[in-house]
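Take a look at the structure below.
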Number of protein chains: 2
Amino acid sequence: MARAATTSDVFNAIAEPQRRELLVLLRAGERPVTELAQELGMTQPGASKHLRVLREVGLVRDRKAGKQRLYGLDARGLRPVHEWTGGFERFWNESFDRLDAYVQDLKQARQEE
Amino acid sequence: MARAATTSDVFNAIAEPQRRELLVLLRAGERPVTELAQELGMTQPGASKHLRVLREVGLVRDRKAGKQRLYGLDARGLRPVHEWTGGFERFWNESFDRLDAYVQDLKQARQEE
DNA sequence: CGATCATATTCCTATATCGGCATACGTCAA
DNA sequence: TTGACGTATGCCGATATAGGAATATGATCG
């Protein structure tokens with residue numbers, strides 16, 4: 001089997017650095033493709049393809065505005081990623097010396113995921 | 001060019017669902033490969049390969065324990081992902097074309113509860 | 001040493017990219 | 001309609017997978 005499709009879920013979609021850059025740029029507001037491409041130093045077809053992936057996983061929405069097509073952020077899909085990583089928060093705040101204590105705690109409530 | 005290597009960064013490493021499952025499982029403590037593989041219904045070589053990727057991006061560390069090799073979580077690498085997604089937190093509840101107004105609505109609604 | 005258990009690596013196949021280039025499509029203006 | 005502009009899509013080549021099977025490496029014990 002090959003790698004999963006980038007359009008399969010948000011985790012795959014944001015694995016691409018340029019797509020992450022696109023998302024960051026879109027926090028400033030809606031933008032047409034050409035502007036995004038230019039600002040990130042990518043070609044127009046390149047930007048279009050990445051935006052397509054982002055749209056297919058729901059991280060981006062598009063809207064026609066005359067000749068242009070404005071892309072805008074829909075960051076709701078990033079929330080699950082934030083929450084999933086947040087499930088590890090206590091592990092990066094604690095030194096490894098004290099991890100064992102947490103491990104014991106977790107062993108009791110171990111059927112969470 | 002193809003997609004960047006999974007070993008290049010954490011975003012790519014956690015794009016794989018089985019690797020995420022491994023990480024979740026490791027929150028309960030160190031485990032040998034075979035146990036992890038069995039619990040997740042994967043083959044031993046499959047588990048070994050995924051653990052290798054996780055180790056190369058630093059999300060997992062291993063330690064010899066006799067015949068076995070115990071894998072343990074090192075979740076510090078997940079923090080950048082958490083923080084990156086956190087940068088979109090205020091957009092999660094965004095109404096696509098009227099962010100500011102919607103944010104105000106939410107703030108008010110929250111206070112009225 | 002030889003046997004056995006635990007884990008890692010190699011070889012293989014099928015597939016999903018990502019980027020570049022050319023081009024098709026869609027919309028507006030004259 | 002024709003042309004110009006903005007955007008999307010199709011095709012290509014090169015590469016990095018993920019999974020399966022077989023095998024190699026490593027460690028322990030009798």
Side-chain angles (χ1 to χ4, degrees), chain A residues 1-23 25-26 29-73, chain B residues 1-23 25-26 29-73:
Chain A
M1 242 185 230
R3 187 188 285 192
T6 55
T7 55
S8 62
D9 62 39
V10 173
F11 281 93
N12 271 290
I14 66 172
E16 233 292 330
Q18 307 214 65
R19 285 197 286 267
R20 291 201 295 276
E21 290 182 45
L22 281 166
L23 291 174
L25 212 52
L26 287 175
E30 292 181 323
R31 296 267 186 101
V33 177
T34 313
E35 210 175 303
L36 293 166
Q38 190 191 354
E39 199 140 353
L40 294 178
M42 34 197 296
T43 65
Q44 174 269 311
S48 275
K49 287 176 193 171
H50 281 312
L51 288 166
R52 187 201 220 274
V53 172
L54 292 173
R55 193 183 54 212
E56 288 183 1
V57 299
L59 287 175
V60 140
R61 296 252 174 105
D62 64 304
R63 154 172 96 79
K64 299 196 175 183
K67 273 195 262 192
Q68 297 184 327
R69 175 175 294 260
L70 295 180
Y71 278 90
L73 187 63
Chain B
M1 240 187 244
R3 188 193 278 191
T6 56
T7 56
S8 62
D9 70 353
V10 174
F11 280 94
N12 269 292
I14 66 172
E16 231 294 329
Q18 308 215 65
R19 284 198 285 267
R20 291 200 297 274
E21 291 182 45
L22 280 167
L23 291 174
L25 212 52
L26 287 175
E30 292 181 324
R31 298 267 186 101
V33 178
T34 314
E35 210 175 304
L36 292 166
Q38 190 192 352
E39 199 141 351
L40 294 179
M42 34 198 296
T43 66
Q44 175 269 311
S48 272
K49 287 177 196 169
H50 282 312
L51 287 167
R52 186 204 224 276
V53 172
L54 292 173
R55 192 184 54 213
E56 287 182 0
V57 300
L59 288 174
V60 140
R61 67 205 146 82
D62 65 304
R63 158 171 91 79
K64 298 195 176 183
K67 271 195 267 194
Q68 295 184 329
R69 175 174 293 260
L70 295 181
Y71 279 90
L73 188 62

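Convention: sequence-line order gives letters A, B, ...; per-chain numbering from 1.
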Can you tell if the side chain of [X] reaches within under 4.5 Å of the side chain of [Y], non-hydrogen atoms only?
| X | Y | result |
| --- | --- | --- |
| R52(B) | K49(B) | no |
| L59(A) | I14(A) | yes |
| E21(A) | M42(A) | no |
| T6(A) | E16(A) | no |
| L36(B) | H50(B) | no |

Rounding to an integer number of Å, can you tell me how far [X] [atom1] sits from [N] [atom2]?
| X | N | atom1 | atom2 | result |
| --- | --- | --- | --- | --- |
| D9(A) | dT17(C) | CG | P | 11 Å |
| K49(A) | dC12(D) | NZ | P | 13 Å |
| M1(A) | dG20(D) | CE | P | 7 Å |
| D62(A) | dG26(C) | CG | P | 14 Å |
| E16(B) | dA16(C) | CD | C1' | 13 Å |
| R69(A) | dT9(D) | CZ | P | 8 Å |
| R63(B) | dA6(C) | CZ | P | 17 Å |
| L51(B) | dT9(C) | CG | P | 11 Å |

Identify, between N12(A) and L70(B), the residue whose nearest nucleotide on DNA chain C lies closer to the 5' end.
L70(B)

Please figure out whether G46(B) or A5(A) has its closest DNA chain C nucleotide nearer the 5' end.
G46(B)

Do we see a donor-acceptor contact under 3.5 Å between the side chains of T34(A) and Q38(A)?
no

Minimum heavy-atom separation for [X] to [Y], with atom names?
| X | Y | value |
| --- | --- | --- |
| G46(A) | T43(A) | N-OG1, 3.0 Å |
| V33(A) | A47(A) | CG1-CB, 4.0 Å |
| V57(B) | A13(B) | CG2-CB, 3.8 Å |

Is any side-chain N or O of [X] closer than 4.0 Å to OP1 or OP2 of [N]?
| X | N | result |
| --- | --- | --- |
| Y71(B) | dA8(C) | yes |
| R52(A) | dT9(D) | yes |
| Q68(A) | dC28(C) | no |

Closest to the 5' end of DNA chain D, once R31(A) and A4(A) are matched to their nearest nucleotides, is R31(A)

Between H50(B) and T34(A), whichever has its closest DNA chain D nucleotide further toward 5' is T34(A)

Test: E30(B) and R61(B) ion pair at under 4.0 Å:
yes

Please list, in numerical order, the residues of residues 37-45 of chain A that have a heavy atom closer than 4.0 Å to any atom of DNA chain D.
Q44(A), P45(A)

Regarding the side chain of S48(B), the nearest nucleotide among dA18(D), dT9(D), dA8(C) is dA8(C)

Taking only nitrogen or oxygen atoms into account, show me every contact under 3.5 Å that the protein makes with nucleotides 26-30 of chain D, one pair per line with its distance.
from	atom 1	to	atom 2	distance (Å)
dA27(D)	OP1	K64(B)	NZ	3.1
dA27(D)	O3'	G66(B)	O	3.4

